[in-house]
Visitor: 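Can you read through this structure? Questions will come right after.
In this text, all values refer to a predicted model and were calculated from it rather than measured experimentally. One-based numbering along the sequence shown.
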Amino acid sequence: MADSLIPANEVRFFSGSSNPQLAGKIASHLSVPLEDTHISRFSNDNLYIQLGASVRYRRVYIVQSLSKPVNDHLMELLMMIDIARSAAASEVHAIIPYYSFGRSDKKDAPRISITARLVADLLKTAGATHVMSIMFHSPQVHGFFGIPTDPLSSSKVFKEYLSKSDLEGSILVAPDMGQAKTAARFARTLNLPIAAGNKERVSDTQVIINGLVGDQVRGHERALIYDDEIATGGSILELSRVLIREGLKDIRVICTHGVFSNNGLERLAEVPEITEIITTDTVHIAPEKMHPKLTVLSVAPVFANAIRHNINRESLSDLFVYGE
């Protein structure tokens with residue numbers, strides 16, 4: 001049943017401007033067309049959006065990553081959801097490969113917004129009936145949504161890729177204790193030991209790692225650093241310095257969301273011991289920004305499989321972050 005054809009006349013697939021490449025791959029995996037979306041701006045800079053196909057009484061899937069420019073892409077998504085709802089779509093599914101606001105998941109300073117919850121409320125108010133994303137920054141983000149939400153995992157994509165490599169003598173390392181649980185689950189699937197950095201965040205771009213917690217790193221030949229997101233690369237650079245001091249000569253960096261802001265990719269690639277940086281296509285990386293050390297894996301099969309299960313009213317538990 002999971003491989004059954006999707007009734008193309010009963011669904012509509014659209015993409016915002018953030019990642020039409022991934023949206024096209026998902027639609028291709030499902031053998032349904034990716035419909036046109038017309039996006040322009042009025043002279044006063046207001047967005048104008050028109051969906052290019054009828055959505056009346058159909059299941060509508062809108063693919064949009066909340067990548068840079070984040071606020072513009074969020075507004076596009078909210079407008080597209082509202083358009084579909086107003087045009088009598090039977091269901092409106094927001095497919096958000098990269099939910100960037102997930103990092104604002106707690107109130108750790110006075111007079112700030114828990115923006116992950118705010119955006120979840122906005123999606124519901126706009127008319128979304130279901131949200132699908134991959135690798136939220138923290139588990140509590142799932143609980144901020146007042147509509148059914150599927151937090152998918154990218155681990156199977158990485159496991160399939162790494163299964164072709166020799167991992168003997170490797171240890172998997174999380175950059176901080178916040179990612180340790182997810183990293184430990186992934187390490188078990190690879191049958192690897194696990195360690196985590198003892199990290200203190202000083203600012204958005206500066207961190208301090210005072211040591212490692214977990215299995216001993218010294219004595220291993222290789223390390224796999226596993227994180228959900230890399231922006232400036234500050235945490236990974238600091239952790240790499242700790243690992244290099246422990247004698248490791250081969251470091252592979254793995255992350256689901258390769259944001260790579262402020263020359264983050266270039267800074268990581270400059271470290272000789274970092275031999276490969278593996279990410280997915282949740283955030284589109286322009287061809288001119290690619291690097292020889294960068295490997296980009298597609299999560300289109302993950303989303304396509306989850307959407308197919310959803311349409312067929314099948315369980316998705318084995319696709320979730322906590323599904324192992």
Visitor: Donor-acceptor pair, Arg59 side chain versus Ser90 backbone, under 3.5 Å?
Guide: no
Visitor: By the rule that ILVMFWY residues connect when side-chain heavy atoms come within less than 4.5 angstrom, directly or transitively, which residues belong alongside Phe42?
Guide: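 Besides Phe42, the hydrophobic cluster comprises Tyr48, listed by chain and residue number.
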Visitor: So how far is it from Ser54 OG to Glu35 CD, rounded to the nearest 0.5 Å?
Guide: 10.0 Å
Visitor: Checking Leu167 now: which residues fulfil side chain to side chain contact (heavy atoms under 4.5 Å, CB included) with it, not counting sequence neighbours?
Guide: Leu162, Ser165, Ser170, Leu190, Leu192, Leu224, Arg252
Visitor: Within a radius of less than 6.0 Å around CE of Met75, do more than 12 heavy atoms belonging to other residues, nucleotides or ligands occur?
Guide: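 It does not: Met75 CE has 12 such atoms or fewer within range.
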Visitor: With no hydrogens and no angle check, is any side-chain donor or acceptor of Thr149 less than 3.5 Å from a backbone partner on His142?
Guide: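 No: the side chain of Thr149 does not pair with the backbone of His142.
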Visitor: I would like to know whether Val60 and Met80 meet side-chain contact (heavy atoms from CB on, under 4.5 Å); could you show each step before the answer?
Guide: CA-CA 10 Å; Val60 174; Met80 293 173 73; over 6 Å; no
Visitor: Is the side chain of His29 donor-acceptor paired with the backbone N or O of Asn305 at a distance under 3.5 Å, no angle test?
Guide: no
Visitor: Does Phe260 form a side-chain contact (heavy atoms from CB on, under 4.5 Å) with Glu266? I'd like the steps, not just the answer.
Guide: CA-CA 8 Å; Phe260 301 130; Glu266 291 76 9; over 6 Å; no
Visitor: Kindly check if the number of other-residue, nucleotide or ligand heavy atoms within 6.0 Å of CG (Asp108) is above 12?
Guide: yes
Visitor: Is there a donor-acceptor pair under 3.5 Å between the side chain of Arg58 and the backbone N or O of Asn9?
Guide: yes
Visitor: Look at the side chain of Arg267 and the backbone N and O of Thr232, then say whether any donor-acceptor pair between them is shorter than 3.5 Å.
Guide: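 Judged by distance alone, yes, a pair lies under 3.5 Å.
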Visitor: Is any side-chain N of the basic residue among Arg241 and Glu238 closer than 4.0 Å to the acidic one's carboxylate O?
Guide: yes
Visitor: With a 4.5 Å limit on heavy-atom distance, are the side chains of Asp227 and Val253 in contact?
Guide: no
Visitor: So, using side chain to side chain donor-acceptor pair (under 3.5 Å) as the criterion, who are the partners of Asp250 when residues are at least two apart?
Guide: Thr275
Visitor: Sequence neighbours left out, what passes side chain to side chain contact (heavy atoms under 4.5 Å, CB included) with Asp45? Give chain and number order.
Guide: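 Asp45 satisfies side chain to side chain contact (heavy atoms under 4.5 Å, CB included) with Arg41 once adjacent residues are dropped.
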Visitor: Enter the distance from Ile307:CD1 to Leu316:CG here, rounded to the nearest 0.5 Å.
Guide: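 The CD1 atom of Ile307 sits 10.0 Å away from the CG atom of Leu316.
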Visitor: Are the side chain of His73 and the backbone N or O of Val70 linked by a donor-acceptor pair below 3.5 Å?
Guide: no
Visitor: Just by modelled atom types, is the Thr282 backbone N or O under 3.5 Å from a matching donor or acceptor in the Ser65 side chain?
Guide: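 The answer is yes, because a donor-acceptor pair under 3.5 Å joins these two groups.
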Visitor: Would you name the heavy atoms of Met177 and Ala196 that are closest together and state the gap between them?
Guide: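 Reported closest heavy-atom pair: SD-CB, 3.8 Å.
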Visitor: Once you round to the nearest 0.5 Å, how far does CD1 of Ile95 lie from CD1 of Ile134?
Guide: 11.0 Å
Visitor: Only counting residues at least two apart or in another chain, list the ones meeting side chain to side chain donor-acceptor pair (under 3.5 Å) with Ser28.
Guide: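 So Ser28 forms no side chain to side chain donor-acceptor pair (under 3.5 Å) with any residue.
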Visitor: Inspect the surroundings of CD in Gln140 and state if more than 12 heavy atoms from other residues, nucleotides or ligands are less than 6.0 Å away.
Guide: yes
Visitor: Any side-chain heavy-atom pair from Ile251 and Leu243 closer than 4.5 angstrom?
Guide: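 Heavy-atom side-chain distance check passes, below 4.5 Å.
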Visitor: Which pair of heavy atoms, one from Asp105 and one from Ala116, lies closest together, and at what distance?
Guide: CA-CB, 4.3 Å
Visitor: What residues, two or more places apart in sequence or in another chain, satisfy side chain to side chain donor-acceptor pair (under 3.5 Å) together with Tyr57?
Guide: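 Scan of Tyr57 (side chain to side chain donor-acceptor pair (under 3.5 Å), adjacent residues dropped) gives none.
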Visitor: Counting only N and O atoms by type, is there a donor-acceptor contact under 3.5 Å from the side chain of Thr279 to the main-chain atoms of Val296?
Guide: no
Visitor: Minimum heavy-atom separation for Ile171 and Ala195, please, with both atom names.
Guide: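 Ile171 and Ala195 have their closest heavy atoms at CD1-CB, 4.1 Å.
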Visitor: Once rounded to the nearest 0.5 Å, what's the spacing between atom CG of Leu123 and atom CG of Leu78?
Guide: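 Taking CG in Leu123 and CG in Leu78, the distance rounds to 5.5 Å.
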Visitor: How close do Glu229 and Val259 get, counting heavy atoms only, and between which atoms?
Guide: OE2-CG2, 3.8 Å
Visitor: Are Asp121 and Lys124 ion-paired here, with the side-chain N under 4.0 Å from a carboxylate O?
Guide: no
Visitor: Report the C-alpha distance between Ile225 and Ile254 in whole Å, list the side-chain angles of each, state the deciding distance to 0.1 Å, and finish with yes or no for side-chain contact (heavy atoms from CB on, under 4.5 Å).
Guide: CA-CA 6 Å; Ile225 298 178; Ile254 305 168; over 6 Å; no
Visitor: Restricting to non-hydrogen atoms, name the atom on Val63 and the atom on Ala23 that form the minimum distance, rounded to 0.1 Å.
Guide: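 Nearest heavy atoms, Val63 then Ala23: CB-CB, 3.7 Å.
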Visitor: I need the minimum non-hydrogen distance between Ser67 and Val283, along with the two atoms involved.
Guide: CB-CG1, 4.1 Å
Visitor: I'd like to know whether NZ of Lys293 has more than 12 heavy-atom contacts from other residues, nucleotides or ligands below 6.0 angstrom.
Guide: yes
Visitor: What I'd like to find out is whether the side chain of Thr189 reaches to under 4.5 Å of the side chain of Ser155, using heavy atoms alone.
Guide: no
Visitor: Which residues satisfy the side chain to side chain contact (heavy atoms under 4.5 Å, CB included) test with Leu297, sequence neighbours excluded?
Guide: Val157, Phe158, Tyr161, Ile278, Thr295
Visitor: Provide the full list of ring pair (Phe, Tyr, Trp, His ring centres under 6.0 Å) pairs with a residue in residues 275-297, sequence neighbours left out, each pair given once.
Guide: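 Output for this query is empty, none listed.
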Visitor: May I ask you to decide if His137's main-chain N or O and Gln179's side chain share a donor-acceptor pair within less than 3.5 Å?
Guide: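 Yes; at least one donor-acceptor contact below 3.5 Å.
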Visitor: Among residues two or more places apart or on two chains, list those pairs meeting ring pair (Phe, Tyr, Trp, His ring centres under 6.0 Å) that have a residue in residues 75-100.
Guide: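 Qualifying pairs, neighbours excluded: Tyr61-His93, His93-His130, Tyr98-His257, Tyr99-Phe136, Tyr99-Phe145.
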Visitor: CD1 of Ile39 to CD1 of Ile49: how many Å apart, nearest 0.5 Å?
Guide: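 CD1 of Ile49 is found 5.0 Å from CD1 of Ile39.
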Visitor: With a 4.5 Å heavy-atom cut-off, do Glu76 and Ser17 have their side chains touching?
Guide: yes
Visitor: Can you confirm whether Glu160 is buried at CD, in the sense that more than 12 heavy atoms of other residues, nucleotides or ligands lie under 6.0 Å from that atom?
Guide: no
Visitor: Who passes side chain to side chain contact (heavy atoms under 4.5 Å, CB included) against Asn71, sequence neighbours left out?
Guide: Phe101
Visitor: Let me confirm one number: the CG-CZ distance from Asp150 to Phe303, rounded to the nearest 0.5 Å.
Guide: 10.0 Å
Visitor: Please list, chain by chain and in numerical order, all residues satisfying side chain to side chain donor-acceptor pair (under 3.5 Å) with Ser315, sequence neighbours excluded.
Guide: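 Ser315: side chain to side chain donor-acceptor pair (under 3.5 Å) contacts with Ser317.
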Visitor: Please check: side-chain N/O of Ser18 versus main-chain N/O of Gln64, any donor-acceptor pairing under 3.5 Å?
Guide: no
Visitor: What salt bridge (charged side-chain N to carboxylate O under 4.0 Å, His left out) pairs are there with at least one residue in residues 6-32, not counting sequence neighbours?
Guide: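 Sorted result for residues 6-32: Lys25-Asp281.
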Visitor: Please step through side-chain contact (heavy atoms from CB on, under 4.5 Å) for the pair Val271 and Ile244, ending with a clear verdict.
Guide: CA-CA 10 Å; Val271 179; Ile244 292 167; 4.0 Å; yes
